[in-house]
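Structure provided below as structure tokens; questions to follow.
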Number of protein chains: 2
Amino acid sequence: MNFSISEENYIKAIFHLQQQDGFATTNEVANELSTKPASVTDMMKKLKVKKLLHYEPYQGFRLSTEGNKVALDVIRRHRLWEYFLSEKLNFTWDEVHEVAEDLEHVSSKKLIDRLDEFLGFPKFDPHGDPIPDINGNFTVTRVISLQDMAINTKAVVSNIKDQSTEILEVLQHKNICIGTRLEVKKRFGFDNSLEVKIGRQPVITISEQLAKNIFVTHD
Amino acid sequence: MNFSISEENYIKAIFHLQQQDGFATTNEVANELSTKPASVTDMMKKLKVKKLLHYEPYQGFRLSTEGNKVALDVIRRHRLWEYFLSEKLNFTWDEVHEVAEDLEHVSSKKLIDRLDEFLGFPKFDPHGDPIPDINGNFTVTRVISLQDMAINTKAVVSNIKDQSTEILEVLQHKNICIGTRLEVKKRFGFDNSLEVKIGRQPVITISEQLAKNIFVTHD
DNA sequence: AAATTTATTTAGACAAATCTAAAAATTGCT
DNA sequence: AGCAATTTTTAGATTTGTCTAAATAAATTT
């Protein structure tokens, strides 16, 4: 099955919205896609006929198994392109989304699977969101702020929130980049600063402001 | 200005068609785009209003300066993606076109210019067609068959026509690939075989059949 | 529980891109 | 030049995705 750009955008929007409430409403979708409620209703009828979602008038929508598959496929494409833009073309984190929004609708399966391979099967996009693999499975490991890590737990840096040159400077100095494995050893309640160990290097100190901007996954 | 996918396809088709005759006709365009003449006329009216081409009923079409710019931009995107697919994602020459046909319509200027840089500012796509640079200029160096090279001239391999495993085998054996610099030293009239020198390696012999499939540009 | 507000759907219209069928212009032929 | 064949255009319809305005259903308030 092949879907139009519009259909894919609606499916993606519903997928994201139902993460929270378990379902999505007309107004929510209209708002998410900057369109009008009437347009949403029209599209929902179409997607229901195509069996991509469950929908009874006035009851909100829930993606079907098939719809979920489509959503994960679009999200896979989107996040792989984001990773490509960031990693290979040096886009900053705030620039990748808009372009990926277009690239995600190029639906050649071979293209995406080869791209995935070329990028080394990345598990997270530049925002730290998981990238579904070729079967639609993704790492459920939650990405949390370094600040929220428990003491004596190991983690891998998966993304950095802020993207200023200042933060890059301090990260470079402390030898921290995406993929760095580290362990939180101690937290000082006075200023919420952390002591962190990276491999066999001596322990380093990370301020609260910095820790809040470093996102990690459990190792 | 931003143009629809349809508009871009029509402009690209006219650009290609007017390479030959200097202008394009309704039927030619309809044929090229697998659409009907009536649809072409409709679109031509639209593109005329947008000043992308010159058109008087029954007189055929010619791109305006502005239309030419748009065409070169689309072609630049198409060929850069083809190069990417071939070079980075290991697509074969006959697979790249279809996917590039979709990718070419993602029109972020930053994306394309960064991609160009990432690829090392390639001058030719995998088919040997020149890639317009950021200003729409492209190497006019004609790509010619190695067979047609004059004696004692230097050349760079820009593409291989045939794409069978057999030709790849012999090329690999003789150490020839895209980008290889070589010099034609001698031609034997008997069988039209060539003697070619690659760098400081000993001279090798290339048959007429092989030379016809190797396309080069003057160095 | 009735009234009001909010959310959703329906009805009808519109723009883009396409099509078929018919009309008009151009070209080619004798 | 006149007629036939071809090419191109026009007219009117269709599909997709959108919109506004009005109608209806659901939720909230009093």
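Throughout, protein chains are lettered first and strands after them, A, B, ... in sequence-line order, and every chain is numbered starting at 1. Only heavy atoms go into these numbers, but all of them, side chains included; no hydrogens, no water, no symmetry mates.
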Distance, rounded to the nearest Å, where B/Y58 contributes OH and C/dA23 contributes C1':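 Value for this atom pair: 8 Å.
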B/T26 vs D/dT9: side-chain N/O to OP1/OP2 distance below 4.0 Å: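 Checking B/T26 against D/dT9: at least one side-chain N or O falls below 4.0 Å of OP1 or OP2.
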Contact under 4.0 Å: B/N27 side-chain N or O vs D/dT6 OP1/OP2: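 Result: no.
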Under 4.0 angstrom between B/K45 side-chain N/O and D/dT9 OP1 or OP2: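 No, B/K45 has no side-chain N/O under 4.0 Å of OP1/OP2 on D/dT9.
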OP1 or OP2 of D/dT9 under 4.0 Å from side-chain N/O of B/Y55: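 Yes, B/Y55 has a side-chain N/O under 4.0 Å of OP1/OP2 on D/dT9.
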Residues A/H105 and A/N9: side-chain donor-acceptor under 3.5 angstrom: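 Note: A/H105 and A/N9 side chains meet the donor-acceptor criterion.
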Side-chain N or O of B/Y10 closer than 4.0 Å to phosphate OP1/OP2 of C/dA16: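 No, because none of the side-chain N or O atoms of B/Y10 sits under 4.0 Å from OP1 or OP2 of C/dA16.
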B/D191 vs B/S193, side chain to side chain donor-acceptor pair (under 3.5 Å): CA-CA, chis, key distance, verdict: CA-CA 5 Å; B/D191 58 359; B/S193 66; 2.8 Å; yes
Any A/S39 side-chain nitrogen or oxygen under 4.0 Å from OP1 or OP2 of D/dC19: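 Answer is yes, contact under 4.0 Å.
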D/dT20 OP1/OP2 closer than 4.0 Å to side-chain N/O of A/K36: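 Yes, such a contact exists.
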Value in whole Å for how far the P atom of D/dT16 lies from CD1 of A/I5: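 It works out to 15 Å between those atoms.
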Gap between atoms CE and P, on B/M44 and D/dT10 respectively (whole Å):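 Result: 13 Å.
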Position toward the 5' end of DNA chain D (nearest nucleotide), A/P57 or A/T35: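 Its nucleotide being nearer the 5' end, the pick is A/T35.
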Side-chain N,O (B/S4) to OP1/OP2 (C/dA16) below 4.0 Å: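 Checking B/S4 against C/dA16: no side-chain N or O falls below 4.0 Å of OP1 or OP2.
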Salt bridge B/R62-B/D21, side-chain N to carboxylate O under 4.0 Å: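 So B/R62 does not pair with B/D21 through a salt bridge.
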Any A/S6 side-chain nitrogen or oxygen under 4.0 Å from OP1 or OP2 of D/dT16: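 For D/dT16, neither OP1 nor OP2 has a side-chain N or O of A/S6 closer than 4.0 Å.
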